[in-house]
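Each chain gets a letter, A, B and so on, in the order the sequences are listed, and its residues count up from 1. As the structure is a prediction and not an experimental result, all values here were calculated from the model.
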Amino acid sequence: MTHHCHWPLALAVTLSAWLAAFARADDPKLSPPKKDTLEAVLERIREHAAGEAWKQPGFQDDEIEKWLDKLVGSIAKASEINDLKLPVRLKDVKPRELLQAGRVSRLWDSLAVCHDGDWKDTGVERSIILASGNVDVDVVRDSVIVARGIIKIHGFSEGCVLVAGTMIIAGQFDGQPGREEKGSIFVSRGWADLGETAHGTIVAAEKGISAVRTEGAVFVNAPVPAPQRGFPVDSRGRSVRVTDLPLESSPIHPLSTKIKVTGVMHGMVKSFGQRGGGRTAVGPAAAILQFDGRRYIADLGQPIVDETGQPVAALVNWKLHAITDTLAIFSKPGADFVLPINAK
Amino acid sequence: MANWKRLALLLLCGACSAATARAQQAPAAPPVANLQGVLDRIHQHAGNDAWRNKGFEDQQIEGWLDRLAGSIAKAAKIPDLKVPVRLAEVQPADPVPSRTISQRLIVGKNLDLKDVRLQNSIVLADGHVEIDRAEGCVIVARGAVRLQVSAYCVIVSGLCVEGSMYDGRPNDAANGSIIAARGWVRLQSAYGSMIAAQEGAIVESPRDALFVNATIASSGGLAGGGAKSLKVPDLPLEPLPANPVRLKVLGIVRPDTAPIVPASPAFGRGRGGLLAGAPVPVADLGIVIRYDGRRYIAAIGEPILDEAGQVVEALRDWKLALLTDSLAIFSNSNSDLAVRLPGNR
């Protein structure tokens with residue numbers, strides 16, 4: 001090979017490096033994940049999602065399960081709920097490919113490893129989902145979900161361990177009325193929204209927990225929410241201090257300091273799940289953003305475009321993933337950030 | 001001869017007097033054919049102070065109102081149905097907030113009377129009107145008419161009428177109003193009301209109501225007892241003019257994600273609920289529109305801006321005037337534009 005044959009290769013390498021640098025320009029600079037952190041678990045999930053090993057029978061990942069056991073164990077000890085444990089283990093489930101899983105209305109005794117998992121119309125039972133992105137499910141029971149970004153439940157949940165790198169958005173309710181042992185464990189490095197009612201739910205979310213009404217909930221390293229409009233959120237709720245919780249803080253994305261959400265557009269949106277799936281009704285459909293001196297309308301689940309419909313270059317690949325009562329959650333492959341909705 | 005001359009002089013003087021008298025009277029104006037003619041006259045009156053003069057009359061407006069009431073009276077066979085108050089019976093007045101106004105004439109552009117109770121009065125608006133209660137009144141507006149309670153009125157709008165509580169009196173069909181709009185009518189409850197709406201009427205609870213030139217799609221269940229359709233072939237109400245600007249409303253901008261529900265009986269949108277501790281109704285901030293292939297946000301009462309904050313030139317004269325439960329209403333200096341909100345029936 002002559003010397004001059006190398007320059008296109010060099011150019012390609014330089015170009016790809018430049019493109020990679022450009023793509024990461026808005027990403028936080030993270031140091032390698034420390035042991036016993038969620039970040040280390042998420043890194044393993046990212047590797048699994050990129051490969052095929054998890055599809056082999058008998059797939060195991062002791063590191064992930066060990067961390068999950070430690071997480072649940074630390075909460076069990078501090079809250080004095082001795083029978084608290086993972087509802088399902090890797091040895092109990094069989095791999096299920098995403099394409100196959102996405103076509104079923106019910107997923108049970110299954111393992112799914114993916115980037116984004118879209119099961120908005122699927123009930124998940126006694127299963128494990130490991131996602132390097134976000135997960136949407138309809139109803140989830142006795143399952144473990146670990147996702148780098150956001151876990152959103154469209155229906156309801158019970159008896160689960162849900163761990164999110166950024167946020168958990170519960171559905172209509174978690175647990176069962178009068179059976180607090182059916183409450184799930186929600187652990188998030190960022191935020192948790194407990195939906196309409198949470199029965200016996202154990203929740204850890206350093207950045208904030210939002211709850212309308214809970215019954216016998218346990219708030220880890222956080223106070224029981226203050227009464228709202230004169231009514232207690234949970235008269236039997238308690239706060240526990242878990243000093244050895246193996247959970248680090250959520251990284252702060254630089255874009256989160258540059259964008260403001262100034263309002264919510266209520267438009268026609270399709271609902272998902274067993275209770276109204278397929279119906280369209282007026283609901284939160286987009287967030288109004290102020291960014292770089294301009295006002296944009298970010299539609300749920302769509303690329304962020306300008307008023308003419310062209311992608312906003314500085315926000316390419318980002319999507320508005322979800323809107324809660326108080327927060328707008330943005331996501332792109334490998335990163336998320338959450339902003340308060342502030343119309344003032 | 002002297003007598004003849006005297007007679008001739010008298011005749012001449014008489015002829016001159018008659019001619020002078022005729023010259024002082026305004027020539028009989030042709031009747032206005034439709035509501036637009038009435039609205040044009042209101043536009044003129046709102047632009048000057050002639051209506052404040054004693055004895056102010058407008059036979060063309062009153063003639064049209066008489067024809068409106070008369071056409072319905074004839075078709076419904078209610079011979080004593082008539083316009084409840086006439087210009088000769090009212091005195092000019094400026095709107096005063098938070099009080100009861102009786103036997104007054106109010107002429108203006110956009111009239112905010114939402115804290116005012118009107119009795120036996122006439123309101124002519126070259127824009128939109130909001131009123132708390134009206135009884136025995138005539139209300140004619142180019143734009144939207146919104147009120148909470150009305151009875152025995154003639155309420156006419158170039159665009160739409162919204163009543164957030166009721167028209168007429170419960171269990172009494174004799175006090176319903178004539179409500180006519182080139183666009184839409186939306187009422188919570190109607191007792192004996194006579195409703196003509198060229199683009200459609202929605203009444204949650206119509207009792208003994210007459211729907212003029214309309215098919216009743218739903219009687220409202222048990223609450224809809226006695227609602228009838230009435231054919232009025234000579235109704236002097238034209239269709240809604242075509243929208244001068246073609247735009248679509250994509251959504252309503254609010255400060256939060258709380259579900260939008262009609263905030264009856266109060267005006268506007270909100271989270272509703274009258275129980276203690278219920279959330280305070282949340283105001284809309286504006287709407288998202290699609291116009292000429294682009295999306296813009298129109299804030300209430302503000303110029304329509306592009307994403308960089310510059311006025312959208314083609315919409316320079318237009319502002320989002322108000323949002324009802326079903327419509328976004330844009331106005332410029334002399335016309336209005338109503339666009340349905342998403343998710344509307």
Note to self: Looking at B:R254 and B:D284, is there a salt bridge between them, counting it only when a charged N and a carboxylate O are closer than 4.0 Å?
What the structure shows: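 A salt bridge links B:D284 with B:R254.
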Checklist line | Contact class of B:I287 relative to chain A, heavy atoms under 4.5 angstrom | finding: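 Neither part, no heavy atoms under 4.5 Å.
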Item checked: Contacting region of B:D306 [heavy-atom separation from chain A under 4.5 Å] ->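 For B:D306, the contact with chain A is made by backbone and side chain together.
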Checklist line | Inter-residue atom distance B:D167.CG - B:S189.OG, 0.5 Å rounding | finding: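 Going from CG on B:D167 over to OG on B:S189, the span is 10.0 Å.
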Checklist line | Flag for A:T122-A:D138: side-chain donor and acceptor within less than 3.5 Å | finding: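 The answer is no; no qualifying pair exists.
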Check: Quick one: what part of A:I297 sits under 4.5 Å from any heavy atom of chain B, side chain, backbone, both or neither?
Finding: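 Interface part for A:I297: both.
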Next item on the list: Would you mind checking which part of A:D306 comes under 4.5 Å of any heavy atom in chain B, side chain (CB onward), backbone (N, CA, C, O), both or neither?
Entry: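 Contact with chain B: backbone and side chain both.
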Check: Would A:D336 and A:H321 satisfy side chain to side chain donor-acceptor pair (under 3.5 Å), going step by step from the backbone distance to the final call?
Finding: CA-CA 9 Å; A:D336 313 278; A:H321 182 77; over 6 Å; no
Item checked: Contact winner vs chain B - A:A285, A:G293, A:P284, A:G309, heavy-atom pairs under 4.5 Å ->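 When all of A:A285, A:G293, A:P284, A:G309 are compared, A:P284 has the most.
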Next item on the list: Determine the interplanar angle of the A:F330 and A:F337 rings, folded into 0 to 90°, and report it as parallel if under 30°, tilted if 30 to 60°, perpendicular if over 60°.
Entry: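 It falls in the parallel class, under 30°.
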